[in-house]
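Sequence positions, counted from 1, serve as the residue numbers for this chain. Counting starts at 1 for both ligands and their atoms, following the listed order.
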Amino acid sequence: MSTDKTNQSWGGRFSEPVDAFVARFTASVEFDKRLYRHDIMGSIAHATMLEKAGVLSSDERDQIIANLKDIQAEIEAGTFDWRVDLEDVHMNIEARLTDRIGVTGKKLHTGRSRNDQVATDIRLWLRDEIDTILGEITRLQQGLLGLAEAEADTIMPGFTHLQTAQPVTFGHHLLAWFEMLARDYERLVDCRKRTNRMPLGSAALAGTTYPIQREITCELLGFEAISGNSLDGVSDRDFAIEFCAAASVAMMHLSRFSEELVLWTSAQFQFIDLPDRFCTGSSIMPQKKNPDVPELVRGKTGRVFGALSGLLVLMKGQPLAYNKDNQEDKEPLFDAADTLRD
Ligand code: ARG
């Protein structure tokens, strides 16, 4: 039996390494490595707290933090060797730390589990994503506002049933989109509040007997509050579902907006002309200028609705507390955030 292929974190009592298929099937590193920055941020806060709690010496803390920063630099330089047999981002980073500084590296995981670690990482990551998306919504709103001012006197038909109804101005119409985005913004701000709570300290599910001080890590990581129940803290993903719900409503708005752009650029309407750099053409029908971008916004909306539905189904059957099912939360969440930001 070769023990070197046995997982170094939990393989101690196993008599054989995991099957190659199982290793591939259970690994998440291909997609969760994008959490590396937030994983390291969480670990630095945890190490800082462990020293204050008297669990680590100040030398150990300093060594852990300096090496975590070096590991981050390796990842960013593209020289880090991501290993599928180490399952996920958390064990890849911890294994590298232990390679570099030996047994001190293992002490970082004191009083912590991957269960509260990953729940913390996703919240930190999503908090940043929400902030970026809020900035993008504001940028779009500013664009609409500027155009609405310029088009304040431009008369256009207003529609009901897509039948010409009453005259409105183009500025008036644009400001309807502005209002929709204002509510999308509010929904994301609200979702951010519940995302910004810290599960770290829940450990695997039942907390830890080490004298950890959650208020310290909470403050270091900029969380608004600590989670009140450890079983809930490690297992629920309602914040991710809320994000996908808010993202779905925002995409629904962007999709309606896009539908109007598609209609308005058609030969039948001819209300607007989109710049060539935002359109594509056809080799056999040279009269065409295709509004591919708004069409794709409309099309990609389905991905985000799919992420929402996927996460709801993912959660609905899970008993407390953490189950491996939860590893499936990441790809839909990442995709919903990427799609909405684009
Ligand atoms: N990669 C795992 C996830 O994303 C981390 C937590 C694993 N915990 C465990 N007990 N196997 O959910």
Side-chain angles (χ1 to χ4, degrees), residues 6-14 17-19 21-43 45-46 68 71 75 80 82-98 106 108-129 195 197-208 217 227 230-241 243-244 307 310-338:
T6 302
N7 187 289
Q8 13 177 306
S9 294
W10 47 254
R13 72 172 186 85
F14 281 60
V18 292
D19 184 87
F21 165 73
V22 174
R24 177 180 72 72
F25 188 70
T26 57
S28 53
V29 65
E30 283 308 332
F31 50 85
D32 67 17
K33 61 183 172 197
R34 74 183 278 179
L35 294 172
Y36 78 88
R37 208 162 48 79
H38 300 93
D39 191 70
I40 289 174
M41 192 189 291
S43 289
H46 186 65
L68 284 171
I71 291 171
I75 295 172
F80 188 90
W82 293 103
R83 283 171 49 187
V84 175
D85 59 304
L86 289 172
E87 229 180 289
D88 55 26
V89 61
H90 323 292
M91 291 205 287
N92 267 271
I93 293 175
E94 189 192 305
R96 181 74 186 116
L97 184 67
T98 306
K106 294 195 173 171
L108 169 63
H109 211 51
T110 311
R112 182 175 82 167
S113 153
R114 272 186 296 150
N115 297 353
D116 60 341
Q117 187 177 354
V118 71
T120 304
D121 291 2
I122 305 169
R123 285 169 184 269
L124 288 171
W125 176 86
L126 184 57
R127 191 179 71 184
D128 278 353
E129 287 298 311
T195 299
R197 296 192 190 149
M198 189 190 77
L200 194 62
S202 303
L205 76 163
T208 171
T217 31
S227 60
S230 60
L231 298 160
D232 174 47
V234 289
S235 65
D236 208 359
R237 296 290 183 267
D238 58 355
F239 63 96
I241 293 173
F243 172 79
C244 289
L311 288 185
L312 285 167
V313 176
L314 176 69
M315 289 313 297
K316 76 175 278 292
Q318 287 193 51
L320 288 170
Y322 175 88
N323 301 282
K324 186 73 165 179
D325 311 42
N326 275 351
Q327 182 164 290
E328 288 289 306
D329 62 354
K330 290 171 205 61
E331 288 167 291
L333 178 64
F334 294 165
D335 192 64
D338 291 344

Identity and distance of the protein heavy atom lying nearest [atom]:
atom                    : answer
atom 6 (C) of ligand 1  : Tyr322 OH, 3.5 Å
atom 11 (N) of ligand 1 : Arg114 NH2, 3.6 Å
atom 8 (N) of ligand 1  : Asn115 OD1, 2.8 Å

Member of His38, His90, Arg112 meeting the side-chain hydrogen bond (donor to acceptor under 3.5 Å, both in side chains) criterion with Ser43:
Arg112
More than 12 heavy atoms of other residues, nucleotides or ligands under 6.0 Å from NZ of Lys316: is that the case?
no
As an exercise, identify every atom of ligand 1 less than 4.0 angstrom from a heavy atom of [X].
X      : answer
Gln327 : 1 (N), 2 (C), 3 (C), 4 (O), 12 (O)
Ser28  : 1 (N)
Asp88  : 1 (N), 2 (C), 5 (C)

Check Asp236, Asp232, Ile122, Thr120 against Pro199 for a side-chain contact (heavy atoms from CB on, under 4.5 Å) and give me the one that passes.
Thr120
Pick out which of Asp329, Leu311, Leu333 makes a side-chain contact (heavy atoms from CB on, under 4.5 Å) with Ile241.
Leu311
Sub-4.0 Å heavy-atom approach of Gln117 to ligand 1:
no
Any idea which part of Lys330 is under 4.0 Å from ligand 1, heavy-atom wise: side chain, backbone, both or neither?
side chain
Let me know which of Arg24, Lys324, Lys33 forms a salt bridge (Lys or Arg N to Asp or Glu O under 4.0 Å) with Glu87.
Lys324
Using distance alone, with no hydrogens and no angle criterion, decide if Asp32 and Gln327 have a side-chain donor and acceptor under 3.5 Å apart.
no
